[in-house]
Asker: 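To start, I am sharing the structure in question, which I have written as structure tokens.
For ligands, and for the atoms within them, numbers begin at 1 and follow the listed sequence.
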Amino acid sequence: MRKKIVAGNWKMNNDLGQTEALLSKLLKKMPETETEVMVAPAFTNLRMAFDTLIQSPVEVIAQNMHFAENGAYTGEISADMLKSVGIQTVILGHSERRAYFNETDETLAKKVDTALEHDMTVMFCFGEELEDRKGDNHFKVVESQLEKALFHLKAAAWKNIILAYEPVWAIGTGETATPEQAQEMHKFIRKTVAEKYSDKVADGVSILYGGSVKPQNAKEIFSQPDVDGGLIGGASLKAKDFVAIVEAI
Ligand code: PGA
């Protein structure tokens, strides 16, 4: 059975005190669930978040990391640094990293390799832009992102990969893919992984949907057969909304 996952990407929001406050609300409200729940605070708050959630089933994950082991990369964070504060999972390839920090699938392939070499789990984000969808190129774009960043991996590595399909036009815009659009793409992604690897690999990988998921639309999106959960931005900053989304699975 594939894992159901709901992850909150807090992006560059919340200082230490605000993060403490949000974590404490989450701890109070979080229901018992089979779903894996994750939150990704800013780097400066990871240690505190890890310590706060250590007794809870909610996993603290990172929003990014560098591919190098260490060295002269001012402002960057390594896999060892993340692991030393208890982090086991890292989001890579978020569209904001691609758009504002020039991350390419080639750079991301290196980051994926480094994370896996450190026995971390990668939540790999990808998805097409509006022009790609308008030009009917969305399947091609998504296939190429997967090929360039992930298809060099051995089949065994896929047990540590989570996919997060996030159409760029739906992120932070209030515009969500329809449940049918999400299902159509998730099915395509699974088929693409099956063709490259095997049905076993494809059936085992959790594919999350991200882009304006809210309590109001989560249930319908999560009810699609190939949607195994969500990566939530804006709505994960309010404990009540995030918990409602977790409960919608
Ligand atoms: P959003 O962000 O839910 O605010 O659209 C999703 C994401 O960026 O992961």
Asker: My understanding is that only one of Gln145, Arg133, His138 makes a side chain to side chain donor-acceptor pair (under 3.5 Å) with Glu128; could you say which?
Answerer: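 Answer to the side chain to side chain donor-acceptor pair (under 3.5 Å) test with Glu128 among Gln145, Arg133, His138: Arg133.
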
Asker: What protein heavy atom sits nearest atom 9 (O) of ligand 1, and how far away is it?
Answerer: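 The answer is Glu166 OE2, 2.6 Å.
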
Asker: At a non-hydrogen distance cut-off of under 4.0 Å, which region of Cys125 contacts ligand 1 (side chain, backbone, both, or neither)?
Answerer: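 The answer is neither.
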
Asker: Using the rule given for salt bridge (Lys or Arg N to Asp or Glu O under 4.0 Å), can you reason through Asp241 versus Lys29, listing the C-alpha separation, both sets of side-chain angles and the distance that settles it, and then say yes or no?
Answerer: CA-CA 10 Å; Asp241 287 356; Lys29 290 179 196 285; over 6 Å; no

Asker: Does the pair Lys111/Asp105 count as a salt bridge with the N-to-O cut at 4.0 Å?
Answerer: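 Here Lys111 does not pair with Asp105 in a salt bridge, since their nearest N and O are not under 4.0 Å apart.
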
Asker: Give yes if a backbone or side-chain nitrogen or oxygen of His94 is under 3.5 Å from a nitrogen or oxygen of ligand 1, and no if not.
Answerer: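 Among all N and O atoms of His94, at least one is under 3.5 Å from an N or O of ligand 1.
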
Asker: Relative to each other, are the rings of Phe151 and Tyr197 parallel, tilted or perpendicular (30° and 60° limits)?
Answerer: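 Rings of Phe151 and Tyr197: perpendicular, as their planes differ by over 60°.
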
Asker: Taking only Lys NZ, Arg NE, NH1 and NH2, and the carboxylate oxygens of Asp or Glu, determine whether Asp226 and Lys187 approach each other closer than 4.0 Å.
Answerer: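 Not counted as a salt bridge, because no side-chain N and carboxylate O are separated by less than 4.0 Å.
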
Asker: Below 4.0 angstrom from a heavy atom of Ala170, which ligand 1 atoms are there? Numbered from 1 as shown, please.
Answerer: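 Listed by number with element, the hits are 5 (O).
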
Asker: Taking only non-hydrogen atoms of Ala164, do any sit less than 4.0 angstrom from ligand 1?
Answerer: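 Contact check Ala164 vs ligand 1: negative.
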
Asker: Among Gly172, Gly234, Ser236, Gly233, which residue places a heavy atom closest to atom 5 (O) of ligand 1?
Answerer: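 That would be Gly172.
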
Asker: Does Lys11 have a non-hydrogen atom less than 4.0 Å from ligand 1?
Answerer: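 Judged by the 4.0 Å heavy-atom criterion, Lys11 does count as contacting ligand 1.
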
Asker: Could you tell me which atoms of ligand 1, counted from 1 in the order shown, lie closer than 4.0 angstrom to a heavy atom of Ser212?
Answerer: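 Numbered from 1, ligand 1 contributes 1 (P), 3 (O), 5 (O).
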
Asker: If you measure from each heavy atom of Gly211 to ligand 1, is any distance below 4.0 Å?
Answerer: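 A heavy atom of Gly211 does come that close to ligand 1.
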
Asker: Please determine whether a side-chain nitrogen of the Lys or Arg among Glu96 and Lys11 lies less than 4.0 Å from a carboxylate oxygen of the Asp or Glu.
Answerer: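 Result for this pair is yes, salt bridge flagged.
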
Asker: With no hydrogens and no angle check, do the side chains of His118 and Asp80 hold a donor and an acceptor under 3.5 Å apart?
Answerer: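 The criterion, which ignores hydrogens and geometry beyond distance, is satisfied for Asp80 and His118.
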
